[in-house]
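Every number for a ligand or one of its atoms is a count from 1 in the order of the listing.
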Amino acid sequence: MRHLLSIADLGADGIEEILRLTDSFVEVSARNIPKVPVLRGKTVVSLFYEDSTRTRLSFEAAAKRLSADTMTFSVGTSSVKKGESVRDTLQTIEAMGVDAIVVRHGSAGVPVQVARWGTSAVINAGDGWHEHPTQALLDCYTIRQRLGSLAGRSIAIVGDIKHSRVARSDVLAFTALGAEVTLVAPPTLLPPSLDGWPVKVSHDLDAVLPTTDVAYLLRMQQERMTEALVPSLREYSTCYGMTSARADRLADTSLIMHPGPMNRGVEIAAEVADRPNATVVDQVRNGVPVRMAVLFLLLGSGSTLYDPVPDPATPDDETEHDEHGSAGA
Ligand code: NCD
């Protein structure tokens, strides 16, 4: 694998491989010193043209735990403000010597372009309404951790699907691992065409809840809405919000998920987000080892977790030389 641009590039086998590798990095993350030297000497750059809290910090933490160097590019304080294009910015960054670029952009397709133009490994950290593959991977990992497997599970993705790159990547990943996905939203918040989407559609959350193993709530992405798509946020919450009463009707074992940032009181009641079956914090926690797995797969070939690059002169080396009488004092 050279880039991670879409979940479709991975298929079920690729997703499984990343989830398996994530188990090892969860173990690393639990150590006193949660760091391995597998990407020593590599440089990972975050190129974020859109705001982010979780995704950017999570990639940085992941790169650091693998001992890579990190650089961060923030549009607000860069020459983009002076009109520099993505292509020229890329050329500038690559001239400094980087190995991987983590790209977030408001337009679909920018990470694909960056991968074509540049020489580095490219990871899509969210492009417009298109995809957000590492979010889908951490969501799969979280569901697996809580429920054992996705196969045969009923997952309802609820809310602003039209503007959601998370929904697109999640549909691909969840169905690849055998889950059945129902999109639940008013018609105005669904994409204009769902041709080829392997999903069912419902406009009635209450009808779907009793058979739902996972209720995945999406943020109302008002910054992407150019017209009023729901009468009011209050009315949206009444019809599609995960209120306390709706959460009570879910089975005890059912999960309530949200990619963050949450609008408490809109798509999810403030109290519901803190319930034991709400996985919001788990999702963020799992994001780091999942991204370690992705970075390791893209940049770590040649070394393995269990045989990290040894230090140049460890005491063990010298002992061995002594035993063979070849170490000059
Ligand atoms: C999402 C995003 O930016 O695509 N957030 C995230 O990465 N966890 C979802 C959102 O903004 O609603």
Side-chain angles (χ1 to χ4, degrees), residues 4-7 22 46-63 72-76 102-112 122-143 155-174 183-185 189-191 214-226 229-230 233 236-237 240-242 255-268 273 278-292 294-295:
L4 177 57
L5 302 170
S6 161
I7 285 290
T22 301
S46 332
L47 180 61
F48 274 52
Y49 286 85
E50 261 194 5
D51 296 342
S52 169
T53 303
R54 274 152 290 273
T55 307
R56 202 175 76 187
L57 290 176
S58 181
F59 269 110
E60 278 181 30
T72 298
F73 168 96
S74 299
V75 168
V102 181
V103 188
R104 170 170 285 195
H105 198 285
S107 300
V110 169
V112 173
V122 176
I123 301 171
N124 180 1
D127 61 331
W129 307 359
H130 178 227
E131 275 217 50
H132 191 354
T134 57
Q135 178 70 43
L137 292 167
L138 73 89
D139 289 336
C140 289
Y141 191 82
T142 305
I143 296 172
I155 303 182
I157 302 181
V158 187
D160 183 4
I161 290 148
K162 177 173 181 167
H163 302 105
S164 178
R165 51 197 177 206
V166 173
R168 282 169 183 74
S169 290
D170 271 348
V171 165
L172 291 172
F174 294 166
L183 305 180
V184 185
L189 291 180
L190 287 169
V214 178
Y216 195 103
L217 310 169
L218 296 169
R219 184 174 65 89
M220 286 291 275
Q221 300 186 49
Q222 282 164 295
E223 76 279 14
R224 300 193 199 280
M225 294 183 194
T226 50
L229 296 175
V230 291
L233 287 182
Y236 174 80
S237 309
Y240 292 96
M242 185 54 74
L255 306 180
I256 298 169
M257 302 183 72
H258 193 300
M262 288 185 281
N263 291 311
R264 287 188 194 234
V266 179
E267 66 269 357
I268 186 165
T279 62
V280 184
V281 179
D282 289 17
Q283 288 168 267
V284 176
R285 188 180 302 113
N286 289 333
V288 178
V290 163
R291 291 177 173 117
M292 289 169 83
V294 169
L295 287 168

For E60, the option from T72, V288, T55, V102 that meets side chain to side chain contact (heavy atoms under 4.5 Å, CB included)
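Passing option: T72.
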Per the side chain to side chain contact (heavy atoms under 4.5 Å, CB included) rule, which among I155, L138, T279, D282 passes with I143?
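Single pass found, and it is I155.
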Among pairs that include at least one residue of residues 156-165, which meet salt bridge (charged side-chain N to carboxylate O under 4.0 Å, His left out), considering only residues two or more places apart or in two chains?
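Found E50-R165.
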Apply side-chain hydrogen bond (donor to acceptor under 3.5 Å, both in side chains) to the pair S6 and E131, showing each step before the final yes or no.
CA-CA 6 Å; S6 161; E131 275 217 50; 2.4 Å; yes
Can you find a side-chain donor-acceptor pair between R219 and H258 that sits under 3.5 Å?
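No, no side-chain donor-acceptor pair sits under 3.5 Å.
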May I have the N/O to N/O pairs between ligand 1 and the protein that fall below 3.5 Å, each with atom names and distance to one decimal?
residue: ligand 1; atom: 3 (O); partner: R104; partner atom: NH1; Å: 3.3
residue: ligand 1; atom: 3 (O); partner: R104; partner atom: NH2; Å: 3.4
residue: ligand 1; atom: 3 (O); partner: R165; partner atom: NH2; Å: 2.9
residue: ligand 1; atom: 4 (O); partner: R165; partner atom: NE; Å: 2.6
residue: ligand 1; atom: 4 (O); partner: R165; partner atom: NH2; Å: 3.3
residue: ligand 1; atom: 5 (N); partner: G260; partner atom: O; Å: 2.9
residue: ligand 1; atom: 7 (O); partner: T55; partner atom: OG1; Å: 3.0
residue: ligand 1; atom: 7 (O); partner: R104; partner atom: NH2; Å: 3.1
residue: ligand 1; atom: 7 (O); partner: H132; partner atom: NE2; Å: 2.8
residue: ligand 1; atom: 8 (N); partner: Q135; partner atom: OE1; Å: 3.1
residue: ligand 1; atom: 8 (N); partner: P259; partner atom: O; Å: 2.9
residue: ligand 1; atom: 8 (N); partner: G260; partner atom: O; Å: 3.2
residue: ligand 1; atom: 11 (O); partner: R219; partner atom: NE; Å: 3.3
residue: ligand 1; atom: 11 (O); partner: R219; partner atom: NH2; Å: 2.9
residue: ligand 1; atom: 12 (O); partner: R219; partner atom: NE; Å: 2.7
residue: ligand 1; atom: 12 (O); partner: R219; partner atom: NH2; Å: 3.4

Relative to F59, does R291 satisfy both conditions: NZ or CZ under 6.0 angstrom from the six-membered ring centre, and within 45 degrees of the ring's axis?
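Yes, R291 sits over the ring of F59.
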